[in-house]
Amino acid sequence: MRITELLNAGRKIFSFEFYPPKTEEDARRLFDSARELKALNPDFVSVTNSSSGATPYRTVALSGVLKAELGLETVAHLTCVAHTRAEINDICLRLKAMGIKNILALRGDIHNHEGAPVKREYNYAAQLVADLKKSGDFSIGGACYPEKHPEAETLDADIDRLKEKVDAGAEYLITQLFFANDFYFRFLDKTAAAGINIPILPGLMPLTGYKQLENLTKLMKVSVPDVVRAGLERWAGDKENLFKFSVDYASVQARELLEKGAPGLHLYTLNRSRAAIDILKNVKARV
Ligand code: FAD
């Protein structure tokens, strides 16, 4: 099923994000988590894709297995910055052969960790969206950033670019994670004012370790409110209470988002199920 059909059905939708495992142990954990999360009847799951261009078929393979073996509607992330058009075409043919009907079209980070060369046939996600739209084979989603993308000069400038991505054919958007709902609500107002009228699914991730903070603030430039920092500091030596603090915080966020009209929730799971299960339980969704 196309994600747009789900979003247009008028009920809240819930989704979980996974990444392709690197080791046998990762793989076991991922499939255990996916099976547990399947019991919550998610509307879809999504599978990330490295921006280096080195391993797109891990995403293709995992997307196919999650769909065929577990019957989960799957959105394959597809980054374009390190691929040629011919490579993108090949990946799409394989996704289509696996029965995948949904792609989250992304540019990917240019300075990727793996140092692979960037081919520069694509500079921005909107170009990939336009190519995918022409093929007509997929329902296309895109990424957006309630606090602005780190490279954008201002939020308004970023939203102007986002409008181009939507005009090129993106049918829904999933946000970067955020810890203060005001960012999301302000973003909805601004995108609506800019003429963006497609569903914007909020992305949430409970922090289950203090280390994640550095990544979020330095690389992704996501703001972390003092109350979250204080909680992480307070429970730094106590895994169980740290987990509970983060899940409770994300649950409060989730409840408010849903009550105030968000179309659903996209949970970044890091291939683990427990936090996602607890959050959905706390907001009384699907459990
Ligand atoms: P774009 O929409 O192309 O925007 C990138 C930047 O370029 C923005 O600052 C924008 O304002 C600017 N811009 C756009 N068009 C123009 C133009 N014509 N001229 C000048 N500037 C322009 N990364 C991965 O590697 N793998 C993943 O699986 C992955 N999944 C993600 C899922 C979600 C929900 C989100 C929010 C992000 C994800 N990312 C992933 C991260 C993403 O790839 C990076 O944030 C990347 O830097 C930008 O990708 P984009 O698709 O948002 O790019």
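Indexing begins at 1, ligand by ligand and atom by atom, following the structure's order.
- Contact of the N102 side chain with the T74 side chain is not registered, since no non-hydrogen atoms from C-beta on lie closer than 4.5 Å.
- Close N/O approach between H77 and ligand 1 is found [any backbone or side-chain N/O within under 3.5 Å].
- Side-chain atoms of T59 come within 3.5 Å of backbone N or O of T48 as a donor-acceptor pair.
- Taking distance alone, with nitrogen or oxygen atoms compared against 3.5 Å, D109 approaches ligand 1 more closely than that limit.
- For ligand 1, the polar-atom distance check finds no N/O of T175 at less than 3.5 Å from any of the ligand's N/O atoms.
- Taking the ring centre of Y122 as origin, the terminal cationic atom of R85 falls inside the region bounded by 6.0 Å and 45° from the ring axis.
- Taking the ring centre of F138 as origin, the terminal cationic atom of K96 falls outside the region bounded by 6.0 Å and 45° from the ring axis.
- Where the criterion is an N or O separation shorter than 3.5 Å, residue side chain and backbone included, G108 meets it with respect to ligand 1.
- At a heavy-atom distance under 4.0 Å, no atom of Y19 approaches ligand 1.
- A salt bridge links R29 with D26: at least one charged nitrogen is closer than 4.0 Å to a carboxylate oxygen.
- Ranking the protein heavy atoms by distance from atom 11 (O) of ligand 1 puts D158 OD1, 2.5 Å first.
- At a 3.5 angstrom cut-off on N or O pairs, E151 does not count as close to ligand 1.
- A cation-pi contact links R94 to Y57, judged by a cut-off of 6.0 Å to the six-membered ring centre and 45° from its axis.
- Considering only non-hydrogen protein atoms, atom 14 (C) of ligand 1 sits nearest to Y124 CD2, 3.4 Å.
- At least one N or O atom of H149, backbone or side chain, sits closer than 3.5 Å to an N or O atom of ligand 1.
- Contacts with ligand 1 closer than 4.0 Å are made by side-chain heavy atoms of R161 only, the backbone lying farther away.
- Ligand 1 has no N or O atom lying under 3.5 Å from any N or O atom of C144, backbone or side chain.
- Across the listed options G203, S46, A143, A125, A143 owns the non-hydrogen atom lying nearest to atom 36 (C) of ligand 1.
- Under the 4.0 angstrom criterion for non-hydrogen atoms, Y122 is not in contact with ligand 1.
- Residue contacts with ligand 1 for T79 involve side-chain atoms from C-beta outward but no N, CA, C or O (heavy atoms, distance under 4.0 Å).
- Considering backbone and side-chain N/O of N49, one or more are found under 3.5 Å from N/O of ligand 1.
- No donor-acceptor pair closer than 3.5 Å links the side chain of S273 to the backbone N or O of E36.
- The shortest N/O to N/O separation between Y145 and ligand 1 falls below 3.5 Å.
- Atom 45 (O) of ligand 1 lies below 4.0 Å from at least one non-hydrogen atom of the protein.
- A cation-pi arrangement, defined by a distance under 6.0 Å to the six-membered ring centre and an angle within 45 degrees of its axis, is absent between R234 and F245.
- Here the side chain of N271 pairs no donor or acceptor atom with the backbone of L30 at under 3.5 angstrom.
- The nearest protein atom to atom 2 (O) of ligand 1, hydrogens excluded, is given as K165 NZ, 2.7 Å; this is a heavy-atom distance.
- Using a 4.0 Å cut-off between heavy atoms, N123 makes no contact with ligand 1 at all.
- At under 3.5 Å, a nitrogen or oxygen of R107, whether backbone or side chain, sits near a nitrogen or oxygen of ligand 1.
- Among protein heavy atoms, the minimum distance from atom 38 (C) of ligand 1 is reached at L106 CD2, 3.8 Å.
- Neither the backbone nor the side chain of K148 comes within contact range of ligand 1; no heavy atom lies under 4.0 Å.
- Across all non-hydrogen atoms, the minimal contact from V129 to I140 is O-CD1, 3.8 Å.
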- prompt: S51 and D109: side chain to side chain donor-acceptor pair (under 3.5 Å), yes or no, with the steps?
  reply: CA-CA 6 Å; S51 62; D109 285 324; 5.3 Å; no
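- Between Y249 and F179, the angle of the ring planes lies from 30° to 60°, which puts this pair in the tilted group.
- Note on R107 versus E151: salt bridge recorded, some NZ/NE/NH1/NH2 to OD/OE distance being below 4.0 Å.
- If you check the side chains of T4 and S139, you find a donor sitting under 3.5 Å from an acceptor.
- Neither the backbone nor the side chain of H266 has any atom closer than 4.0 Å to an atom of ligand 1 (non-hydrogen atoms only).
- In summary, the atoms of ligand 1 found under 4.0 Å from a heavy atom of Y268, numbered by their order in the structure, are 33 (C), 34 (C).
- Here is the list of ligand 1 atoms found below 4.0 Å of a heavy atom in E164: 18 (N).
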